[in-house]
2 protein chains.
Amino acid sequence: MRTDNRLPRVLHILLHLDEIDEPVTSERMGEMFGMDASLVRRTMGGLRKHGLVTSTKGHGGGWHLQRPLSEISLMDVYIALGSPSVFAIGAPEPSSPCLLEHAASDATRAAMGAARQVFEKELGRVSVSDLARNARI
Amino acid sequence: MRTDNRLPRVLHILLHLDEIDEPVTSERMGEMFGMDASLVRRTMGGLRKHGLVTSTKGHGGGWHLQRPLSEISLMDVYIALGSPSVFAIGAPEPSSPCLLEHAASDATRAAMGAARQVFEKELGRVSVSDLARNARI
DNA sequence: CTATCATGTGACATTAAAAGTCACGTGAAT
DNA sequence: ATTCACGTGACTTTTAATGTCACATGATAG
């Protein structure tokens with residue numbers, strides 16, 4: 001399985017976006033972060049739909065923040081990315097009515113559920129501006 | 001990325017293995033669990049290396065448990081599978097010395113680390129025989 | 001008005017790792 | 001000696017993220 005690295009990448013983008021006053025084009029972001037401009041648009045598009053950023057077309061257009069970073073939690077970003085699945089391991093729906101298979105699936109899921117809760121709680125209590133503050137120390 | 005379903009699958013196998021007195025061949029396991037016999041051998045081989053099961057060759061050979069299920073925690077099984085990576089999301093090593101990129105990576109990793117700890121703790125406090133007990137209720 | 005800039009998006013190519021398959025070597029029991 | 005069963009290298013298949021390309025859409029400048 002290939003890991004989904006969008007969360008840290010988007011956080012990085014947002015942190016820089018906050019330091020630039022004028023709108024930033026996808027093209028420029030692509031150069032800054034080593035991404036294809038089209039991929040930038042696609043990724044940022046998710047954030048736009050969730051009200052984190054806005055985009056303007058035409059001359060002088062580009063991306064800018066819609067809310068201050070202090071009002072965006074890492075969890076908001078994670079959700080805006082579509083709440084990608086956290087786990088590389090899984091427990092598929094049991095393929096048989098076998099109770100032992102169910103027990104094995106359930107136990108695996110229980111551990112994953114507990115881990116997921118912690119993951120989301122951690123993301124929820126940190127704002128993107130907290131990261132900027134940490135970086136400055 | 002495709003999810004790694006080996007943990008629940010192997011737990012299921014171990015639970016059945018405990019209910020069969022004679023050694024079970026890979027061939028038979030393959031039929032029981034819808035796997036290629038070769039894949040069974042490969043998967044169980046990991047468990048053998050960690051002392052959870054043993055295998056015998058030749059007539060009447062096959063797989064059997066080396067320890068009672070009450071002495072095997074889900075964490076033992078997870079480790080025997082090679083401690084596969086838990087997460088489908090990730091934070092790669094920062095590609096630049098940019099402090100903001102580091103902060104973004106670190107925050108993501110911190111949440112993942114907390115989640116991983118909980119995942120492993122949950123696995124550690126459940127034995128495979130606990131699953132059998134749950135299934136019987 | 002039209003040329004240019006920039007986003008929006010469908011379609012396709014690439015990549016990475018699990019899962020699955022095949023073939024054959026090794027060793028044990030009859 | 002034959003059959004059974006594991007052990008394992010090498011390969012193919014599968015799946016979803018990632019990345020790329022081309023072009024439509026809409027906004028601004030002059």
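In what follows, chains are A, B, ... by sequence order, proteins preceding strands, each numbered from 1.
For C:dC5, the OP1/OP2 oxygens have no side-chain nitrogen or oxygen of A:Arg28 closer than 4.0 Å. Between D:dG7 and B:Ser55, a contact under 4.0 Å exists linking OP1 or OP2 to a side-chain N or O.
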Item to check | Protein proximity profile, nucleotides 21-30 of chain D - base contact B, sugar-phosphate-only contact S, no contact -, cut-off 4.0 Å on heavy atoms | outcome: BB--BBBBS-
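Using cut-offs of 30° and 60° for the angle between ring planes, the A:Phe33 and A:His16 rings count as tilted.
If you take CG of B:Asn5 and P of D:dT14, they are 17 Å apart, rounded to a whole angstrom. Rounded to an integer number of Å, the gap from A:Ile89 CD1 to C:dA18 P is 12 Å. Between the CD atom of A:Glu27 and the C1' atom of D:dT20 there is a distance of 13 Å, rounded to whole Å.
Salt-bridge formation is not detected for the pair B:Glu27/B:Arg41: no Lys NZ or Arg NE/NH1/NH2 atom is positioned less than 4.0 Å from an Asp or Glu carboxylate oxygen. Comment: A:Glu93 engages A:Arg109 in a salt bridge, judged by a side-chain N to carboxylate O separation of less than 4.0 angstrom.
In terms of position along DNA chain D, the nucleotide closest to B:Gly45 lies nearer the 5' end than the nucleotide closest to the other residue of the pair B:Gly45 and A:Arg9.
Annotation for B:Met112 and B:Gly90: closest pair SD-CA, 4.1 Å, computed over non-hydrogen atoms.
You'll find the side chain of B:Ile20 stays beyond 4.5 Å of the side chain of B:His64, heavy atoms only.
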